[in-house]
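Hydrogens, waters and symmetry mates are skipped; everything else that's a heavy atom, side chains included, is used.
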2 protein chains.
Amino acid sequence: MSTIEDEGDDAGPTDHGLTPGRAATINDIARIAGVSKKTVSRVINQSPFVKADTREKVEAVIAELGFSPDPQARGLAFRRSFLIGMIYDNPSPNYVVNMQQGILDAVRGSGLELVVHPCDRTSDDFMANVRGFAVRQKLFGAVLPPSVSEDERVTGMLTEVGCPYVRIASVSLDAPERMVVTNDSRGAAEAARHLVGLGHKRIAMITGPDLFRSTHERGEGFRSGLAEAGITLEDAMVVRGAYTFDSGVAAARELLSRKTRPTAIFAGNDEMAIGVYQAARDAGLDVPFDLSIVGFDDAPMSSRIWPTLTTVKLPIRDMGRMAAEKLLARSRGLDPAKLEQPEVIPTLIARDSSAPPRR
Amino acid sequence: MSTIEDEGDDAGPTDHGLTPGRAATINDIARIAGVSKKTVSRVINQSPFVKADTREKVEAVIAELGFSPDPQARGLAFRRSFLIGMIYDNPSPNYVVNMQQGILDAVRGSGLELVVHPCDRTSDDFMANVRGFAVRQKLFGAVLPPSVSEDERVTGMLTEVGCPYVRIASVSLDAPERMVVTNDSRGAAEAARHLVGLGHKRIAMITGPDLFRSTHERGEGFRSGLAEAGITLEDAMVVRGAYTFDSGVAAARELLSRKTRPTAIFAGNDEMAIGVYQAARDAGLDVPFDLSIVGFDDAPMSSRIWPTLTTVKLPIRDMGRMAAEKLLARSRGLDPAKLEQPEVIPTLIARDSSAPPRR
DNA sequence: CTGAAAGCGCTTACAG
DNA sequence: CTGAAAGCGCTTACAG
């Protein structure tokens, strides 16, 4: 089966004198293929300056021995690792896991691995912590979901230490090759149109925390969606939440205690929307007939709860994949700006939590 | 401020002639501290064979320069990386994220990082994939949650390639230093006692898939808990699910269509328990008065849904932390078997989905 | 198109 | 207790 001349002197035809326990190295490949290690290195790194049959010969030996270059040694010489860091403070398990999956979708087969780095932006050593991580690991690149992606201190520091990054955010904050933009504003406008279309007029909103850019985008989009139908979102109909279940409950209680209560509530994310269900129940209101609820995210729970939650879906896994692809494209010399549609459009998923208001 | 003699000749007192952009290396520390790099290496690796004041001198320079040894170079020389791999096929985002958090709790400050490696045990290249990952990255260690932890092919292969691992499983499958055992059986027995205590007699169970060891442990524990009260779980009252929402719905439909339907259902996990809510609603049954439901896991959703779900809580984050600590203990020369309580005991959390049956 | 030398930043023997 | 030499498995200049 082997077409390569066996240089071993103490072993069978497919054993090239390698120590059995140890993995093959570039030196083994060079020796067996009868070339220098530099040439093997050229093949590994897809250098165009290798004669076709030299390349084939080397590739055959690589395949036969199942050789795979040591990322640590390669990284040491390259002054760069083969690790992608996902640096995040998003508290939603669903968001985190889906984004991880998306990043892994993109790097599969590339030899890159994903290192997860949750962090706390409010912590005193936040910047030192993230900087230490990026520098020590000499990250191949970093994927930054919100709200870390919105922190200019982080991106400035990463640039300073020479760590490539891609930001995921609801508004363009950077050059296209470093951005995956989700049009949250448009998604929120869809939510507004949906409620208006059902005939709602007294509409309320629970926003996210100020720290998140998406809070403003979703708020602004919702307002403009209502404005298209000539409906103004009153100040008394807007309560700030914190993207958590409990804050959703509290905000909804407040809204439902207003003298003229809303017939529909748009929550900045699903977690808070689920909280609205509880407040509605406590107030003796039937969802959707007394109160329509619309969320944002399409978390798994939205289709499990009853009535199922109308929401705006963000393709989180795709977003993770697109971000990692931009990181990869750079190293492949492609133009990362032209990889895929420049903007991720959320889609409204109408379920059972929204209906026309009672007359 | 610096008490170290400045050997630079072209810079100020705190600049030791280092290139500004580049991070300090072991050579810089050695030069500035006036010792050999080998001595610096001894300090880094906490060798006892260093004179106290030599150590202090070196540590002062390390601190002053904020030096942190390059994990790639160290790894290359050690023939081992500083990466912990979490290799898993658990589909629950909550489980995954909590376990990641637990592992990170344990490794914080140790210089280790967490590389996530989801996989598919049913895939043809599963073993090759996991092997390649462990070998290529020369993992410091692997954390294996169920059901990967229950695959002897995986643990055999990891042993063969010299990759330390810790398994997390509902039954002891390995030496104590390689195991975090969760007593799922006992947790399920608690669930049984809870339902018996409420007065239930016609009790049903939805099990997990055969592939998971926890399916058997939870099943067996539940049976034995009922047996204590002289209640036998009838065959017709047991339906197999798949740990998914949909399988929970389907299994509950089947159970609720029996001629004498159960007054209580214990589901092998929360995801399926939530499915039972839907089947109950479709059948026009009130939870908990027509039907009590008990789950397993304490997923976030269990306290959000209405009525809130009675369930058995597993401290997933602690389990991840304990597993990573065992990995760390080995390298610190401690006895990993004696780290913490040998067994994780799940606890019943009684909420609103369980009540005495209607007379 | 190919290779010999030096180096990435550490550690392991081996001396003393 | 400390250090000079060699090496981990790759790549970058530099030659040819």
Side-chain angles (χ1 to χ4, degrees), chain A residues 18-19 21-59 61-62 65-83 111 135-138 140 162 331, chain B residues 18-19 21-59 61-62 65-83 111 135-138 140 162 331:
Chain A
L18 299 172
T19 315
R22 275 181 57 257
T25 73
I26 198 174
N27 289 306
D28 299 317
I29 306 297
R31 180 170 45 76
I32 297 168
V35 299
S36 73
K37 60 202 279 197
K38 176 62 214 170
T39 295
V40 178
S41 173
R42 286 200 180 87
V43 172
I44 293 169
N45 293 293
Q46 310 189 55
S47 158
F49 306 115
V50 184
K51 222 183 350 179
D53 55 329
T54 306
R55 175 184 304 284
E56 279 164 31
K57 189 171 55 176
V58 172
E59 278 172 346
V61 179
I62 289 179
L65 269 61
F67 167 71
S68 154
D70 181 330
Q72 287 189 109
R74 223 148 92 92
L76 185 60
F78 269 138
R79 292 160 187 74
R80 175 123 320 227
S81 76
F82 294 90
L83 302 175
V135 170
R136 208 179 323 110
Q137 300 303 323
K138 302 200 217 83
F140 177 90
S331 76
Chain B
L18 298 173
T19 314
R22 274 181 58 255
T25 72
I26 196 173
N27 290 307
D28 299 317
I29 306 297
R31 181 171 44 76
I32 298 167
V35 298
S36 74
K37 60 202 281 198
K38 176 60 211 169
T39 296
V40 178
S41 173
R42 286 197 180 90
V43 172
I44 294 170
N45 293 293
Q46 311 189 53
S47 156
F49 305 114
V50 184
K51 220 181 355 177
D53 56 327
T54 307
R55 173 184 306 284
E56 279 164 31
K57 187 171 56 178
V58 172
E59 278 171 347
V61 179
I62 289 178
L65 269 62
F67 167 71
S68 153
D70 181 330
Q72 286 189 109
R74 224 147 92 90
L76 185 60
F78 269 138
R79 292 159 187 76
R80 176 126 321 241
S81 76
F82 294 90
L83 303 175
V135 170
R136 207 178 324 108
Q137 300 302 325
K138 302 202 218 82
F140 177 89
S331 78

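To the nearest 0.5 angstrom, A:Arg42 atom CZ is 6.5 Å from A:Ser36 atom OG. Between B:Ile62 atom CD1 and B:Ile32 atom CD1 the span is 11.0 Å, to the nearest 0.5 Å.
A:Ala33 and A:Val61 make their closest contact through CB-CG2, 3.9 Å (heavy atoms, listed as atom of the first residue, atom of the second, distance). Taking every heavy atom of both residues into account, B:Leu76 and A:Gln72 meet most closely at N-OE1, 3.9 Å.
With A:Asp70 as reference, B:Lys138 is the one residue of B:Arg79, B:Arg80, B:Lys138 to meet the salt bridge (charged side-chain N to carboxylate O under 4.0 Å, His left out) rule.
The B:Val50 side chain lies nearest to D:dT2 when the options are D:dC10, D:dT2, D:dG3. The A:Pro69 side chain lies nearest to D:dC10 when the options are C:dT12, C:dG3, D:dC10.
In a base pair of the Watson-Crick type (N1 to N3 plus N6-O4 or O6-N4) or a G-U wobble (N1-O2 and O6-N3), with each distance short of 3.5 Å, C:dA13 is matched with no nucleotide.
In this structure, CG of B:Asn45 is placed 15 Å from C1' of D:dT2, rounded to the nearest angstrom. When the C1' atom of D:dG9 is taken as reference, atom CD of B:Gln137 falls 14 Å away, rounded to whole Å. If you take NZ of A:Lys37 and P of D:dT12, they are 13 Å apart, rounded to a whole angstrom. Rounded to an integer number of Å, the gap from NZ of B:Lys38 to C1' of D:dC1 is 12 Å. With rounding to whole Å, B:Lys138 atom NZ is found 10 Å from D:dC10 atom C1'. Atom P of nucleotide D:dT12 and atom CZ of A:Phe49 are separated by 13 Å, given to the nearest angstrom. Rounding to whole angstrom units, CZ of residue A:Arg80 and P of D:dT12 are separated by 13 Å. In this structure, B:Arg74 places its CZ atom 19 Å from P of C:dC8, rounding to the nearest Å.
Take the nearest nucleotide of DNA chain D for B:Ala77 and for B:Arg42: the residue whose nucleotide is more 5' is B:Arg42. Comparing B:Ile44 and A:Ser36 along DNA chain C, the residue whose closest nucleotide (by nearest heavy atom) sits nearer the 5' end is A:Ser36. Comparing A:Leu76 and B:Thr54, the nucleotide of DNA chain D nearest to each residue sits closer to the 5' end for B:Thr54.
When the side-chain nitrogen and oxygen atoms of B:Ser41 are compared with OP1 and OP2 of C:dT11, one or more of them lie within a distance under 4.0 Å. Residue A:Thr25 places none of its side-chain N or O atoms closer than 4.0 Å to OP1 or OP2 of D:dG9. Between A:Thr39 and C:dT2 there is no side-chain polar atom (N or O) within less than 4.0 angstrom of OP1 or OP2.
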